[in-house]
2 protein chains.
Amino acid sequence: MEHIINKYKSKGFKLTPQRLAILRFLEGNTSHPTAEAIYSEMKKVHPTLSFATVYNTIQALKERGLLSEITIDPERKHFDPNPAPHHHIICTACNRIIDVMADYSETLTLPGDILDQFTVTGTHVDFFGVCVDCRS
Amino acid sequence: MEHIINKYKSKGFKLTPQRLAILRFLEGNTSHPTAEAIYSEMKKVHPTLSFATVYNTIQALKERGLLSEITIDPERKHFDPNPAPHHHIICTACNRIIDVMADYSETLTLPGDILDQFTVTGTHVDFFGVCVDCRS
DNA sequence: TCCAAGATGATAAATATTCTATTTTAAGAG
DNA sequence: CTCTTAAAATAGAATATTTATCATCTTGGA
């Protein structure tokens with residue numbers, strides 16, 4: 001846990017117990033939690049935690065490029081603490097989101113007329129499907 | 001305009017003036033409006049229109065596969081009346097969304113472990129960039 | 001140990017969307 | 001053309017999500 005403290009202190013985070021709990025929860029987390037999921041999980045450890053603190057921490061992480069918003073689920077935003085570029089697949093039945101670790105950057109070329117209009121800064125692929133658990 | 005009436009009647013739509021105005025506004029519309037944009041545009045023609053009617057019509061169109069939700073903009077949902085599969089690029093400065101008419105279906109192959117877990121039903125590519133107007 | 005910047009938490013507010021109940025209307029039957 | 005009924009429209013309340021405000025408290029460096 002020491003390395004987490006150093007990691008975020010070096011990024012300019014002031015580390016309070018609440019914030020540290022959130023950072024530890026997110027570290028290496030591949031469950032793509034919603035703000036609500038983070039909040040209710042943290043409530044167990046810090047019952048006085050407020051939603052504002054969750055959103056503040058999310059905001060601080062986003063500003064430093066350590067967390068990204070996932071919009072694949074139209075119902076609500078999910079968050080992903082993995083800064084490595086990757087994609088996602090969502091089960092349209094249970095809304096579970098799984099990482100898709102593949103690099104499509106070479107194949108996703110834009111039509112010429114759009115290349116003239118835009119300077120591209122990023123790409124993200126959303127896959128939709130039904131997972132084995134929901135197929136039965 | 002006759003063909004719009006027939007098109008939607010044959011799909012089981014009860015055509016009220018408000019609904020018809022929304023359908024005409026969306027027909028061939030590539031501006032990817034938000035619910036708010038549809039509402040304020042329709043207000044000009046039907047001042048008594050309520051937001052519920054906008055959402056009801058959106059819902060009815062979605063159920064019939066004639067409208068899809070676009071989640072590329074984390075701020076709000078946009079809607080696209082083009083049922084043909086395609087992708088989008090958003091300007092991260094002005095939030096303008098443009099269609100990307102390209103077929104990547106051959107190149108977007110999933111890693112084997114995910115193919116075992118999911119039956120894929122669809123794919124959508126989000127491109128992020130800055131448009132010429134915002135670059136200056 | 002002290003201080004200032006920044007974080008917390010309660011609350012209010014803004015935004016987006018859905019729901020409820022009532023009134024109105026479209027469209028087919030007769 | 002009128003009647004009937006299912007569906008749609010409306011207003012407004014309700015819910016959910018996210019942001020803002022502000023007084024209080026805490027972290028971390030001087």
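No experiment lies behind these values; they were computed from the predicted model shown. Chain letters run A, B, ... following the sequence lines, proteins first and then strands; every chain starts at 1.
- Connectivity analysis of hydrophobic side chains (ILVMFWY, heavy atoms under 4.5 Å, direct or indirect) links B:Val120 to A:Ile89, A:Ile98, A:Val100, A:Tyr104, A:Leu108, A:Leu110, A:Ile114, A:Leu115, A:Phe118, A:Val120, A:Val125, A:Phe127, B:Ile89, B:Ile98, B:Val100, B:Tyr104, B:Leu108, B:Leu110, B:Ile114, B:Leu115, B:Phe118, B:Val125, B:Phe127.
- For the ring-ring contact (aromatic ring centres under 6.0 Å, His included) with A:His32, the lone residue among A:His78, A:His86, A:His88 that qualifies is A:His88.
- What separates CD1 of A:Ile38 from P of D:dT18 is a distance of 10 Å, to the nearest Å.
- B:Arg64 contributes a side-chain N or O that, together with a main-chain N or O of B:Lys11, makes up a donor-acceptor pair within less than 3.5 Å.
- Take the nearest nucleotide of DNA chain D for A:Ala35 and for B:Gly12: the residue whose nucleotide is more 5' is B:Gly12.
- A salt bridge does not link A:Glu36 to A:Arg76: none of the charged side-chain nitrogens sits closer than 4.0 Å to a carboxylate oxygen.
- Atom NZ of A:Lys11 is separated from atom P of D:dT27 by 23 Å (rounded to the nearest Å).
- The overall bend of the helix from C:dT1-D:dA30 to C:dG30-D:dC1, read as the angle between its terminal helix axes built from five base pairs each, is 30° when rounded to 10 degrees.
- Under the ring-ring contact (aromatic ring centres under 6.0 Å, His included) test applied with B:Tyr39, the options B:Phe79, B:Tyr55, B:Phe51, B:Phe25 reduce to a single match, B:Phe51.
- Straight-line distance from the NZ atom of B:Lys9 to the P atom of D:dA8: 14 Å, rounded to whole Å.
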Practice task
For B:Leu23 and B:Leu15, run side chain to side chain contact (heavy atoms under 4.5 Å, CB included): C-alpha distance rounded to whole Å, both residues' side-chain angles, the deciding distance at 0.1 Å, then the answer.
Solution key: CA-CA 9 Å; B:Leu23 296 174; B:Leu15 289 180; 3.6 Å; yes
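- Formation of a donor-acceptor pair under 3.5 Å by the A:Thr53 side chain with backbone atoms of A:Leu49 is not found in this model.
- B:Gln59 has its CD atom 12 Å from the P atom of D:dA8, to the nearest Å.
- The separation between B:Ile5 atom CD1 and C:dA27 atom C1' is 13 Å, rounded to whole Å.
- Taking atom CD1 of residue A:Ile58 and atom P of nucleotide D:dT17, one finds them 12 Å apart after rounding to whole Å.
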Completion exercise
Under a 4.0 Å heavy-atom criterion, the protein footprint on nucleotides 8-16 of chain C, written with B, S and -, is BBB-----S
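- Using a 30° and 60° split on the angle between ring planes, B:Phe13 and B:Tyr8 fall in the perpendicular class, above 60°.
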